[in-house]
Number of protein chains: 2
Amino acid sequence: MQNSEAMALSAALLATAGELTQRIHEGVVARGFEGLRPAHGFAFARLAPDGATVTDLAAHLGVTKQAASQLVEELVRKGYVERRPHPDDARARLVVLTELGWACTRAAEESAADAVRAWADVLGEGEMRALYTRLVSIAPYGPIRPAW
Amino acid sequence: MQNSEAMALSAALLATAGELTQRIHEGVVARGFEGLRPAHGFAFARLAPDGATVTDLAAHLGVTKQAASQLVEELVRKGYVERRPHPDDARARLVVLTELGWACTRAAEESAADAVRAWADVLGEGEMRALYTRLVSIAPYGPIRPAW
DNA sequence: GAATATAGTCAAGCAGCTTGACCAAATCGT
DNA sequence: ACGATTTGGTCAAGCTGCTTGACTATATTC
């Protein structure tokens with residue numbers, strides 16, 4: 001594959017990712033959740049299963065603890081998460097989603113599904129699944145970083 | 001496709017895009033181009049063929065004219081682009097890549113090709129091309145926005 | 001040819017991140 | 001068991017990249 005093709009592939013990937021972020025965000029807003037930025041969605045993704053500490057979150061987002069702490073503080077203020085004492089570690093605090101936070105997470109899932117459905121309309125369901133499995137097989141495990 | 005699958009696909013896409021950005025940037029740095037941020041790469045992509053005005057660039061990047069103007073000023077200072085009078089419009093100025101800017105663009109292409117090659121090692125060349133064509137067919141035309 | 005729109009810059013302000021310093025609780029090493 | 005070190009978290013200050021608002025100069029419209 002030539003360099004120019006690699007560049008075209010990269011551009012397509014990055015443009016698609018940017019648009020997806022935009023659409024999910026718009027969908028979340030349209031469902032009535034305001035005062036959130038796309039970055040919060042990535043935080044929710046980490047908090048969703050069982051909560052996480054600020055340090056976990058910082059690692060997941062690829063930012064400093066301080067930045068993650070500020071982000072949590074903002075989400076607490078807006079009612080999406082709450083801090084609970086950590087069961088095993090008196091220094092740490094477990095950040096968990098509130099019911100509002102869960103509702104917002106479901107809204108994000110619906111928005112993502114809407115966006116993905118638009119692609120499926122173009123590609124077809126089978127091609128869509130192929131795209132899915134390919135992307136998953138090359139997706140990294142590390143922190144989720146902004147596309148730029 | 002279920003909502004949770006759509007979310008998993010989205011996460012994979014965004015994580016991959018973030019990693020790609022990171023790798024291209026690291027590759028560019030490794031090739032000796034410093035003082036650049038990933039956003040500059042997207043500016044280069046718009047400037048590459050024949051140059052562009054600040055307003056064009058702003059639309060392409062999805063930011064204000066002022067932000068684009070500051071970015072251009074920075075690139076001028078660092079020697080990657082230069083401002084020329086616009087041939088048809090005395091108000092406007094055409095921003096074009098310098099030789100250094102072109103060299104940096106080529107370095108970015110090489111870095112992108114390296115990153116893509118790593119995926120081809122996992123997927124195989126054929127699967128890679130399939131991924132490419134599918135991504136291109138769903139990639140949007142609008143402004144390139146950050147993934148969050 | 002006056003009214004309006006467009007290209008670009010200057011200036012000020014703000015939001016989100018960073019570095020640096022610090023405290024309290026946990027863990028390590030002897 | 002206990003001092004030394006590491007780890008989780010916050011506070012404070014500062015920087016950077018973006019925004020909004022105001023303005024000038026050239027183009028376009030009627």
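Keep in mind that the numbers below use all heavy atoms, side chains included, and drop hydrogens, waters and symmetry copies. In what follows, every chain begins at residue 1, and chains take the letters A, B, ... in the order their sequences are listed.
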CA sep, side-chain torsions, deciding dist, call: D114(A), R23(A), side-chain contact (heavy atoms from CB on, under 4.5 Å): CA-CA 9 Å; D114(A) 285 350; R23(A) 288 199 183 211; over 6 Å; no
Run the numbers on H40(A) and R37(A) for side-chain contact (heavy atoms from CB on, under 4.5 Å), then give the verdict. CA-CA 6 Å; H40(A) 295 137; R37(A) 284 167 291 117; 3.2 Å; yes
For E110(B) and R117(B), what are the C-alpha separation, side-chain angles and deciding distance, and is it a salt bridge (charged side-chain N to carboxylate O under 4.0 Å, His left out)? CA-CA 10 Å; E110(B) 291 167 16; R117(B) 220 180 333 271; over 6 Å; no
Side chain of T53(B), backbone of R93(B): donor and acceptor closer than 3.5 Å? no
Ignoring backbone atoms, establish whether S69(A) has a side-chain N or O less than 4.0 Å from OP1 or OP2 of dT10(D). yes
Return the value, rounded to whole Å, for the distance between atom CG of D88(A) and atom C1' of dT7(D). 15 Å
Toward the 5' end of DNA chain C, by each residue's nearest nucleotide, D89(A) or L71(A): L71(A)
Protein-nucleotide distance (H86(A), atom NE2; dG8(D), atom P), rounded to Å: 10 Å
Strictly below 4.0 Å: does R93(A) bring a side-chain N or O up to OP1 or OP2 of dA25(C)? no
How many Å lie between CZ on R77(B) and C1' on dT9(C), as a whole number? 15 Å
Whole angstrom value for the distance that separates P of dG9(D) from CZ of R83(A): 10 Å
Same cluster or not: L61(B) versus V96(B), using hydrophobic residues (I, L, V, M, F, W, Y) connected whenever any side-chain heavy atoms lie under 4.5 Å apart? no
Write out a two-atom table: protein N or O, nucleotide N or O from nucleotides 15-17 of chain D, distance below 3.5 Å.
residue, atom, partner, partner atom, Å
dG17(D), OP1, R37(B), NE, 2.8

Applying a 4.0 Å non-hydrogen cut-off, can you work out what A67(A) is touching in the nucleic acid: base, sugar-phosphate, or nothing? base
Run the side-chain contact (heavy atoms from CB on, under 4.5 Å) check on L47(A) and Y80(A) step by step: do they pass? CA-CA 11 Å; L47(A) 298 176; Y80(A) 292 103; over 6 Å; no
Nearest-Å distance for atom pair CZ/P, residues R91(A) and dA25(C): 10 Å
Residues from residues 54-66 of chain B sitting under 4.0 Å of DNA chain D, heavy atoms only? V63(B), T64(B), Q66(B)
Evaluate the criterion side-chain contact (heavy atoms from CB on, under 4.5 Å) for residue pair L131(B) and R134(B); output intermediate values, then yes/no. CA-CA 5 Å; L131(B) 179 67; R134(B) 263 154 218 156; 5.7 Å; no
Between F44(A) and L94(A), is there a shared hydrophobic cluster once you connect ILVMFWY residues whose side-chain heavy atoms come closer than 4.5 Å? no
Member of T21(A), L135(A), V116(A) meeting the side chain to side chain contact (heavy atoms under 4.5 Å, CB included) criterion with L13(B): L135(A)
